[in-house]
Enquirer: 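Starting off with a structure, shown below.
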There are 2 protein chains.
Amino acid sequence: MPKNPAPRAARDRAQEGEASGASRPATRIQTEKRALILDAALEVFSERGFRGATVDEIAGRAGLSKPNLLYYFPSKEAMHEALLNGLLDTWLDPLREIDPNGEPLDEILAYVRRKLEMSRKFPRESRLFANEIVQGAPRIGDTLGTDLKVLVDEKAAVIQGWMDDGRLATSHPHHLIFSIWSLTQHYADFDVQVRAVLGGEDPLDGAPAFLETLYRRTLVP
Amino acid sequence: MPKNPAPRAARDRAQEGEASGASRPATRIQTEKRALILDAALEVFSERGFRGATVDEIAGRAGLSKPNLLYYFPSKEAMHEALLNGLLDTWLDPLREIDPNGEPLDEILAYVRRKLEMSRKFPRESRLFANEIVQGAPRIGDTLGTDLKVLVDEKAAVIQGWMDDGRLATSHPHHLIFSIWSLTQHYADFDVQVRAVLGGEDPLDGAPAFLETLYRRTLVP
DNA sequence: CGTTGCTTTGACCGATTGGTCAAATCATGC
DNA sequence: GCATGATTTGACCAATCGGTCAAAGCAACG
């Protein structure tokens with residue numbers, strides 16, 4: 001018969017470092033299960049939104065019992081937060097890669113290609129993000145006005161420089177960036193609609209060529 | 001003391017015609033309240049999604065008690081359905097207006113302008129629709145593959161004809177239409193993000209000129 | 001001005017929700 | 001092979017959910 005009053009469980013420390021200093025290292029099982037759970041959570045959050053998702057469904061899709069899931073994450077909120085935390089960074093990586101010293105048109109077209117590739121490879125992440133933004137970004141709104149704005153302003157300035165130098169056709173850099181987000185993410189976020197209209201054809205077959213043509217015509221000086 | 005066992009209430013017939021033939025005409029109060037409720041429901045559904053919305057919140061925002069609200073609509077589902085039913089049609093009106101006999105470039109640019117105007121005037125409707133599609137269109141999925149596809153295919157054929165005649169630069173008509181949806185609705189659906197990046201500037205100030213330039217360069221033969 | 005039927009609501013219901021807890025089971029290093 | 005702590009779970013809880021109901025309040029028409 002156990003006498004320890006309340007064992008310090010994984011949730012008390014498995015917060016992936018960051019917070020308190022004296023946290024024991026995560027066990028193999030913890031690492032695996034946390035990844036498994038986050039994958040299931042991504043699945044459910046991305047197709048139901050935060051409030052529409054239930055812990056039971058996440059647990060079910062992860063093949064765990066609900067209390068077991070809550071042993072690894074202290075709350076539904078925590079899972080959502082863990083997903084969103086990593087996401088914005090990953091999502092902006094393609095933008096960071098734009099090289100101020102590169103050939104302007106190539107840089108933009110490569111950026112479009114990278115973003116399109118993300119819609120192909122990570123549609124769930126795209127929809128998770130879309131859900132959050134459409135509903136007013138209640139959980140990452142703060143980051144948008146700071147981190148995001150800083151990065152976009154920086155890259156917009158680079159693009160503006162290219163336009164000033166006559167190496168790109170003149171346009172509104174910020175709106176240009178918005179357009180790339182919009183056009184590429186559309187294929188992930190509005191997937192069902194696009195597929196319904198196209199019938200059998202895979203939307204992401206025609207998309208790269210279409211977008212390359214569109215941006216070439218828009219940006220060639 | 002009332003003796004009538006169960007008075008036929010508004011919900012039993014106020015389904016706006018369509019269904020049964022012998023429905024009494026809606027009273028003034030019914031008309032007003034139903035509109036009031038739909039407005040509140042649009043507000044809540046568009047910013048929380050279907051499952052995230054609660055009947056209590058809709059009732060509260062409409063200034064009604066919950067039972068009173070459920071007197072006018074038999075269920076939360078019914079409100080959502082009423083909103084979506086009208087929506088897809090309204091949403092596609094700008095596309096229907098494309099005139100096969102018009103000047104190709106003008107027709108496309110006018111379509112873009114109309115869609116952008118809808119993002120400005122009806123952002124809640126846009127977000128309601130976005131929520132539904134992002135989450136897999138569980139309630140209007142059927143319509144997409146039929147009504148929507150038919151209309152889009154028809155207009156895509158018109159555009160294809162213009163391209164074949166050399167009156168528009170060659171491009172993929174379906175993807176062109178997707179791009180217009182995407183670029184215009186982005187300003188409503190991702191409003192918070194776009195605003196956060198732009199700071200004080202109103203996104204819909206720069207958008208029309210940007211989009212006109214983009215489509216002009218893309219489509220001038 | 002009273003009757004009739006439309007409108008409104010407080011109280012309530014069963015189902016589902018996110019989350020807890022104590023006890024049982026398992027893994028692992030000694 | 002056993003002690004210790006990590007992991008798992010069935011049972012449970014309070015809060016919230018969508019929806020119901022009977023009774024009360026109101027408007028409109030004669």
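Hydrogens, waters and symmetry mates play no part in the numbers below; they use all other heavy atoms, side chains included. Labels below follow one simple rule: chain letters A, B, ... track the order of the sequence lines, proteins then strands, and each chain is numbered from 1.
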Enquirer: Any salt bridge linking A:D189 with A:R127? Criterion: basic side-chain nitrogen under 4.0 Å from a carboxylate oxygen.
Expert: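 A salt bridge is absent here (no side-chain N lies under 4.0 Å from a carboxylate O).
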Enquirer: Looking for any heavy atom pair under 4.0 Å, which part of the strands does B:A59 touch: base, sugar-phosphate only, or nothing?
Expert: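 Since no nucleic acid heavy atom lies under 4.0 Å of B:A59, the category is nothing.
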Enquirer: So does B:R51 get a side-chain nitrogen or oxygen closer than 4.0 Å to the phosphate oxygens (OP1/OP2) of D:dG18?
Expert: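 No, outside the criterion.
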Enquirer: Measure CD/B:E32 against P/C:dT8 and give the value in whole Å, please.
Expert: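 Those two atoms, CD and P, are 10 Å apart.
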Enquirer: Reckon B:Y71 has a side-chain N or O less than 4.0 Å from the OP1 or OP2 of C:dT7?
Expert: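 Looking at the OP1 and OP2 atoms of C:dT7, one of them is under 4.0 Å from a side-chain N or O of B:Y71.
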Enquirer: Mind calculating the distance between NZ (B:K33) and P (C:dT7) to the nearest angstrom?
Expert: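 So the two atoms are 8 Å apart, to the nearest Å.
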Enquirer: How many whole angstroms separate atom CG of A:L69 from atom P of D:dA6?
Expert: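 Rounding to the nearest Å, CG of A:L69 and P of D:dA6 are 19 Å apart.
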Enquirer: So, is B:K66 close to the C:dT8 phosphate, meaning a side-chain N or O under 4.0 Å from OP1 or OP2?
Expert: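 For C:dT8, neither OP1 nor OP2 has a side-chain N or O of B:K66 closer than 4.0 Å.
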Enquirer: For A:I37 and D:dT7, give me the distance from atom CD1 to atom C1', rounded to whole Å.
Expert: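 Interatomic distance, CD1 of A:I37 to C1' of D:dT7: 11 Å.
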Enquirer: Please determine, for the side chain of A:P67, which listed nucleotide (D:dG18, C:dA11, D:dA11) has the closest atom?
Expert: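 Looking only at side-chain atoms, A:P67 lies closest to D:dA11.
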Enquirer: Reading DNA chain C from 5' onward, which residue's closest nucleotide shows up sooner: A:E77 or B:L64?
Expert: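 Upstream on the strand: B:L64.
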Enquirer: Do the charged groups of A:E201 and B:K149 touch, with an N to O distance under 4.0 Å?
Expert: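 Judged by the 4.0 Å cut-off on N to carboxylate O distance, A:E201 and B:K149 do not form a salt bridge.
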Enquirer: Tell me if the centroids of the rings in A:H175 and B:Y187 come within less than 6.0 Å of each other.
Expert: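 Here the rings of B:Y187 and A:H175 have centres that are less than 6.0 Å from each other.
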Enquirer: What integer distance in Å separates A:K76:NZ from C:dT16:C1'?
Expert: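 It is 12 Å, rounded to the nearest whole Å.
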Enquirer: On the 0 to 90° scale, with breaks at 30° and 60°, tag the A:F178-B:H186 ring pair as parallel, tilted or perpendicular.
Expert: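 Geometry flag for B:H186 against A:F178: tilted rings.
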Enquirer: Output the rounded distance in Å from CD (A:E57) to P (C:dT16).
Expert: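 Whole-Å distance recorded here is 14 Å.
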Enquirer: Where the side chain of A:N68 is defined as all heavy atoms beyond and including C-beta, which of C:dT17, D:dT7, D:dG18 is the nearest nucleotide?
Expert: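 Of all the options, the side chain of A:N68 is nearest to D:dT7.
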Enquirer: For A:P173, does its backbone N or O pair with a side-chain atom of A:K155 as donor and acceptor, under 3.5 Å?
Expert: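 Side chain of A:K155 to backbone of A:P173: no pair is present.
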Enquirer: Could you tell me how far apart A:D56 (CG) and D:dC12 (C1') are, to the nearest whole angstrom?
Expert: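 Taking atom C1' of D:dC12 as the reference, CG of A:D56 is at 14 Å.
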Enquirer: Starting at CG of B:L70 and ending at C1' of C:dC12, how long is that distance when rounded to a whole Å?
Expert: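 To the nearest whole Å, that distance equals 14 Å.
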